[in-house]
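Take a look at the structure set out below.
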Amino acid sequence: MPYKKIRQIIATCDKKGNIIGEIERWKAHEEGILHRAFTVALIYKGSYVVQHRKHPVFDGVFDVSTSSHQIMQNGKLQDTFEAARTSLSREWNLDAEDLGEFKHKGAIYYKAKDSKSIYIEHEYCDIVQVEINHIPTPNYEVAYGVSLMTRAEIRNKKSRIYPLFAPWVIAALEKKLM
């Protein structure tokens with residue numbers, strides 16, 4: 001079964017990230033319910049690995065480098081770094097030996113309606129960064145392609161690509177977490 005069709009229970013939370021309940025992930029996105037999430041920025045030789053996102057929510061935007069949700073397991077939230085490793089394996093074919101040390105850079109709160117779908121992102125999103133030892137090959141079920149961009153390039157608000165970043169990437173950039 002494709003990953004996007006798997007039923008997953010994620011954590012609902014308040015604006016500070018405190019867990020207050022559980023919800024099925026697609027219901028959270030359809031109703032705009034605030035929930036926990038994470039974004040992983042992959043760094044290769046000082047440049048960010050940018051994913052051209054292929055997804056039912058915010059399809060076609062640029063992500064730095066993957067975004068997903070920690071899963072609720074027996075009433076407990078999955079560790080963010082564990083969830084990140086799983087996501088990087090699924091979306092980038094990266095294994096533990098490909099990854100450096102995970103660093104939690106901070107968190108953002110944001111809400112954004114996807115203009116191309118019925119979905120709403122309403123998240124408290126942990127921002128994680130990890131260095132990698134080679135340029136990964138994306139899983140083309142979840143990505144249209146990949147680019148490398150320097151920090152200066154992703155932070156350049158005047159560039160033509162800046163408005164094409166996912167809303168969570170822009171929120172993280174504005175908070176200087178990338």
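Computed from a predicted structure; not experimentally measured.
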- Query: Cut-off 3.5 Å, side chains only: do W92 and D98 have a donor facing an acceptor?
  - Reply: no
- Item | Considering all heavy atoms, the nearest L99-R85 contact | CD1-CG, 4.4 Å
- Task: Have a look at H69 and tell me which of H35, Q78, R25 forms a side-chain hydrogen bond (donor to acceptor under 3.5 Å, both in side chains) with it.
- Result: H35
- Between the side chains of Q51 and S65, is a donor N or O closer than 3.5 angstrom to an acceptor N or O? no
- Given the rule in the side-chain contact (heavy atoms from CB on, under 4.5 Å) test, do K76 and N74 qualify, once you have shown the distances and angles that lead to the verdict? CA-CA 6 Å; K76 185 177 178 211; N74 300 317; 5.7 Å; no
- Query: Any idea how W26 and H55 line up, ring-wise: parallel (<30°), tilted (30 to 60°), or perpendicular (>60°)?
  - Reply: tilted
- Message: Could you see if I135 belongs to whatever hydrophobic cluster contains V49? Use Ile, Leu, Val, Met, Phe, Trp, Tyr and a side-chain cutoff under 4.5 Å.
- Response: yes
- Message: With heavy-atom distances below 4.5 Å as the criterion, would you say the side chains of I154 and L173 are in contact?
- Response: yes
- Query: Out of curiosity, M178 CE to M149 CE, how far, rounded to the nearest 0.5 Å?
  - Reply: 12.0 Å
- Message: With clusters defined by side-chain heavy atoms of hydrophobic residues (ILVMFWY) lying less than 4.5 Å apart, directly or transitively, does V64 cluster with V57?
- Response: yes
- Task: Please answer: with hydrophobic residues joined when any side-chain heavy atoms are less than 4.5 Å apart, are Y110 and V128 in the same cluster?
- Result: no
- Message: Under the criterion side-chain contact (heavy atoms from CB on, under 4.5 Å), I'd like the reasoning laid out for T66 against V142: C-alpha separation, chi angles, the key distance, then a yes or no.
- Response: CA-CA 10 Å; T66 190; V142 297; over 6 Å; no
- Message: Using 0.5 Å steps for rounding, measure from the CD1 atom of I10 to the CD1 atom of I33.
- Response: 10.0 Å
- Query: Just by modelled atom types, is the S117 backbone N or O under 3.5 Å from a matching donor or acceptor in the K113 side chain?
  - Reply: yes
- Look up atom CG in L34 and atom SG in C13, then write down how far apart they are to the nearest 0.5 Å. 4.0 Å
- Would you kindly confirm whether L42 and V146 end up in one hydrophobic cluster when ILVMFWY residues are joined by side chain heavy atoms under 4.5 Å apart? yes
- Any I9 side-chain heavy atom under 4.5 Å of I71 side chain: no
- Close side-chain approach of H134 and L94, heavy atoms under 4.5 Å: yes
- Item | Test item: R160 side-chain N/O and L164 main-chain N/O as donor-acceptor pair under 3.5 Å | no
- Query: Which residue, F62, F58, F165, forms the ring-ring contact (aromatic ring centres under 6.0 Å, His included) with H52?
  - Reply: F62
- Judged by atom type as modelled, is there a donor-acceptor pair below 3.5 Å linking the side chain of R36 to the main-chain atoms of C125? no
- Item | Atom pair NE2 (H104) and CD1 (I127), whose distance is rounded to the nearest 0.5 Å | 8.0 Å
- Would you find a donor on one side and an acceptor on the other, under 3.5 Å apart, between the side chain of S159 and the backbone of N156? yes
- NZ/K103 to CD/E101 distance, rounded to the nearest 0.5 angstrom? 6.0 Å
- Task: Spell out, yes or no, whether I132 and F81 are grouped together once hydrophobic residues are joined by side-chain heavy atoms under 4.5 Å, including indirect joins.
- Result: yes
- Message: For the backbone of A84 and the side chain of D79, can you confirm whether one donor and one acceptor N or O come within less than 3.5 Å of each other?
- Response: no
- Note on the structure: Minimal heavy-atom distance between P56 and D114, with the atoms involved, is O-OD2, 3.8 Å
- Task: Taking the side chain as every heavy atom from C-beta outward, state whether V130 and L88 have any atom pair closer than 4.5 Å.
- Result: yes
- Pair Q70, D126: side-chain N/O donor-acceptor within cut-off below 3.5 Å: yes
- Message: Is the shortest side-chain heavy-atom distance between Y48 and S147 below 4.5 Å?
- Response: no
- Judged by atom type as modelled, is there a donor-acceptor pair below 3.5 Å linking the side chain of D95 to the main-chain atoms of E97? no
- Message: Set out, in order, the CA-CA distance, both residues' side-chain angles and the distance that settles side chain to side chain donor-acceptor pair (under 3.5 Å) for N133 and Y44, then state yes or no.
- Response: CA-CA 7 Å; N133 58 24; Y44 174 73; over 6 Å; no
- Scan side-chain atoms only and decide if N18 and Y124 contain a donor-acceptor pair under the 3.5 Å cut-off. no
- Query: In this structure, which one of E123, K175, H122 forms a side-chain hydrogen bond (donor to acceptor under 3.5 Å, both in side chains) with Y109?
  - Reply: H122
- Pair T39-S67, side-chain donor/acceptor within less than 3.5 Å: yes
- Under 3.5 Å donor-acceptor, K54 side chain and D59 backbone: no
- Query: Please walk me through it: do E30 and Y119 pass side-chain contact (heavy atoms from CB on, under 4.5 Å)?
  - Reply: CA-CA 5 Å; E30 288 171 7; Y119 300 115; 3.6 Å; yes
- If you take all heavy atoms of A171 and I108, which pair is closest and at what distance? CB-CD1, 3.7 Å
- Could you verify whether a donor N or O on one side chain and an acceptor N or O on the other, from S47 and T150, lie under 3.5 Å apart? no
- Do the side chain of K111 and the main chain of E121 share a donor and acceptor less than 3.5 angstrom apart? no
- Task: May I ask you to check whether over 12 heavy atoms, not counting those of K27, lie within 6.0 Å of atom NZ?
- Result: no
- Note on the structure: dist N93:CG -> N139:CG (nearest 0.5 Å) comes out at 6.0 Å
